[in-house]
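Everything numeric in this text was worked out from a predicted model, so none of it was measured. Letters A, B, ... mirror the listed sequences (proteins, then strands); counts begin at 1.
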2 protein chains.
Amino acid sequence: MNTAGHIHGHPTEEATAVLKALSDPNRLRIFARLMQGDTCNCELVQELNLPANLLSHHLRVLSEVGLVTGRRDRIDGRWVYYSVDRAAAARWQAWLAALLDPAQIRVRPLCGPEGG
Amino acid sequence: MNTAGHIHGHPTEEATAVLKALSDPNRLRIFARLMQGDTCNCELVQELNLPANLLSHHLRVLSEVGLVTGRRDRIDGRWVYYSVDRAAAARWQAWLAALLDPAQIRVRPLCGPEGG
DNA sequence: TAGTTAATTCAATGTCTATTGTATTATAGG
DNA sequence: CCTATAATACAATAGACATTGAATTAACTA
């Protein structure tokens, strides 16, 4: 099947992967939380009331599409801090703004009887 | 499980439903195509090279979350024209712009050793 | 009424995935 | 070495979903 198209300069598959990453309630909560500042896994356990392994899974999904990045604590390597990737956020914000721009909605000549 | 939260004024479930609707490659192509102007199902069959019943299914998903609306031809009621809902597009454009706004990314005091 | 076209609905299927429980890795400190 | 903690990895399961094929509805026309 043809899945290699592009929309607004981005491959369709890449865009849908990002949208799918954000289309889960728990992942959306995680992302919105990370927008408020870096946190470790264990803090998300308390704030979002989710098991640690489930958070690891969701953080991985968000990382794989580039929305989130993680780094280890320099003092105590057991801790990993996750944060929103600024460039990715900006890129997809602009892409979605173009995709959904109401000013760009066009009503071209309709097909069918009414339009022809 | 707590799924009744709100993000930027919208229920989490409603937002994820919209994101999920757009997170399928075919539905994203359909939506992007509808941004270019109203079309009937049968025209999408040709342009996107997908079976009619599959298009009906995807158009229903997009309609159920309010992104797309359909209306029957006044002359020949067999034809149904689908179009992007302008208000919904504007609403979710703004919502996503806020969700992904890179200017709002904060780096609050970290948890763990490095932060404390 | 019969036939044609546009669209939808229904049923079945294979795949993907969110979640849970358990086990393992990695790092730090006694 | 032993223990504890933060995080990840693995395995299993149940539910969701995209796709296909066939059947059905709705509307128009001869």
Side-chain angles (χ1 to χ4, degrees), chain A residues 1-3 12-13 16-17 19-31 38-65 68-82 110-116, chain B residues 1-3 12-13 16-17 19-31 38-65 68-82 110-116:
Chain A
M1 187 141 304
N2 178 19
T3 51
T12 307
E13 292 295 342
T16 53
L19 289 167
K20 177 168 283 190
L22 292 174
S23 70
D24 175 83
N26 283 332
R27 280 200 294 269
L28 189 59
R29 289 204 296 156
I30 293 170
F31 182 84
D38 302 16
T39 47
C40 60
N41 199 340
C42 62
E43 189 165 326
L44 291 174
V45 168
Q46 300 172 0
E47 294 187 4
L48 303 185
N49 198 33
L50 295 173
N53 56 352
L54 182 56
L55 284 167
S56 276
H57 164 68
H58 285 316
L59 286 166
R60 191 147 99 100
V61 175
L62 290 169
S63 298
E64 283 174 343
V65 298
V68 163
T69 57
R71 67 174 183 82
R72 288 202 173 267
D73 186 294
R74 302 189 208 100
I75 302 172
D76 188 336
R78 289 176 295 183
W79 301 63
V80 176
Y81 303 117
Y82 286 95
L110 297 170
C111 59
E114 195 176 318
Chain B
M1 189 142 303
N2 178 18
T3 52
T12 306
E13 293 294 341
T16 53
L19 289 167
K20 177 168 284 188
L22 292 174
S23 72
D24 176 82
N26 284 332
R27 280 199 294 270
L28 189 59
R29 288 204 295 155
I30 294 169
F31 182 84
D38 301 16
T39 46
C40 60
N41 199 340
C42 62
E43 189 164 325
L44 291 174
V45 168
Q46 299 172 1
E47 294 187 3
L48 303 184
N49 198 35
L50 296 173
N53 57 350
L54 183 56
L55 284 168
S56 275
H57 164 67
H58 286 316
L59 285 166
R60 191 146 98 98
V61 175
L62 289 169
S63 298
E64 282 174 345
V65 299
V68 163
T69 57
R71 67 173 183 83
R72 289 203 171 267
D73 186 296
R74 300 189 208 101
I75 302 173
D76 188 336
R78 289 175 296 184
W79 301 63
V80 175
Y81 303 117
Y82 286 96
L110 298 170
C111 58
E114 195 175 319

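Summarising the geometry, the separation between CZ on B/R27 and P on D/dT19 is reported as 8 Å, rounded to the nearest angstrom. The CG atom of B/N26 sits 13 Å away from the C1' atom of D/dT20 (whole-angstrom rounding). D/dA18 atom P lies 10 Å from atom CG of B/L62, rounded to whole Å. A/D24 has its CG atom 13 Å from the C1' atom of D/dG15, to the nearest Å. Straight-line distance from the CG atom of B/L55 to the C1' atom of D/dA18: 13 Å, rounded to whole Å. Rounded to a whole Å, the CD atom of B/E64 is 12 Å from the P atom of C/dT8. Across the protein-nucleic acid pair, A/R60 atom CZ and C/dA18 atom C1' stand 14 Å apart, rounded to whole Å. Going from atom CG of B/L19 over to atom P of C/dT17 covers 16 Å, rounded to whole Å.
Contact check, B/K20 against D/dA16: no side-chain N or O comes under 4.0 Å of OP1 or OP2. For the pair B/H57 and D/dA18, the criterion of a side-chain N or O lying under 4.0 Å from OP1 or OP2 is met.
In this structure, B/R71 pairs ionically with A/E114, as a charged nitrogen and a carboxylate oxygen lie closer than 4.0 Å.
Taking A/E43 as the reference, A/R33 meet the salt bridge (Lys or Arg N to Asp or Glu O under 4.0 Å) condition, with sequence neighbours excluded. Take B/R27 and apply the salt bridge (Lys or Arg N to Asp or Glu O under 4.0 Å) test, not counting sequence neighbours, and it matches no residue. Remark: A/R72 engages no residue in a salt bridge (Lys or Arg N to Asp or Glu O under 4.0 Å) (not counting sequence neighbours).
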In the 5'-to-3' direction, what one-character label does each nucleotide of nucleotides 25-30 of chain D receive under the scheme B = base within less than 4.0 Å of a protein heavy atom, S = sugar-phosphate only, - = no such atom? --BS--
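For the pair A/V61 and A/A21, the tightest heavy-atom approach, listed with the atom from each and the gap, is CG1-CB, 4.1 Å. Across every non-hydrogen atom of A/N41 and A/S56, the tightest pair is ND2-OG, 3.0 Å.
In summary, the side chains of A/Y81 and A/D73 do present a donor paired with an acceptor at a separation below 3.5 Å, with no hydrogens or angles considered.
In this structure, B/R78 CZ and B/C40 SG are separated by 11.5 Å, a value rounded to the nearest 0.5 Å.
Where B/W79 and A/V61 meet DNA chain C, the nucleotide closest to each residue was compared, and B/W79 sits on the side nearer the 5' end.
Listed in residue order, the members of residues 38-47 of chain B having a heavy atom less than 4.0 Å from DNA chain C are B/C40, B/N41, B/C42.
Sequence neighbours left out, the pairs with a member in residues 54-63 of chain A that pass salt bridge (Lys or Arg N to Asp or Glu O under 4.0 Å) are A/R60-A/E64.
The base of D/dT19 has none of its N or O atoms less than 3.5 Å from a complementary donor or acceptor on the side chain of B/N53.
Among the atoms of the strands shown, only primed sugar atoms or phosphate atoms (P, OP1, OP2) are found under 4.0 Å from some heavy atom of B/H58.
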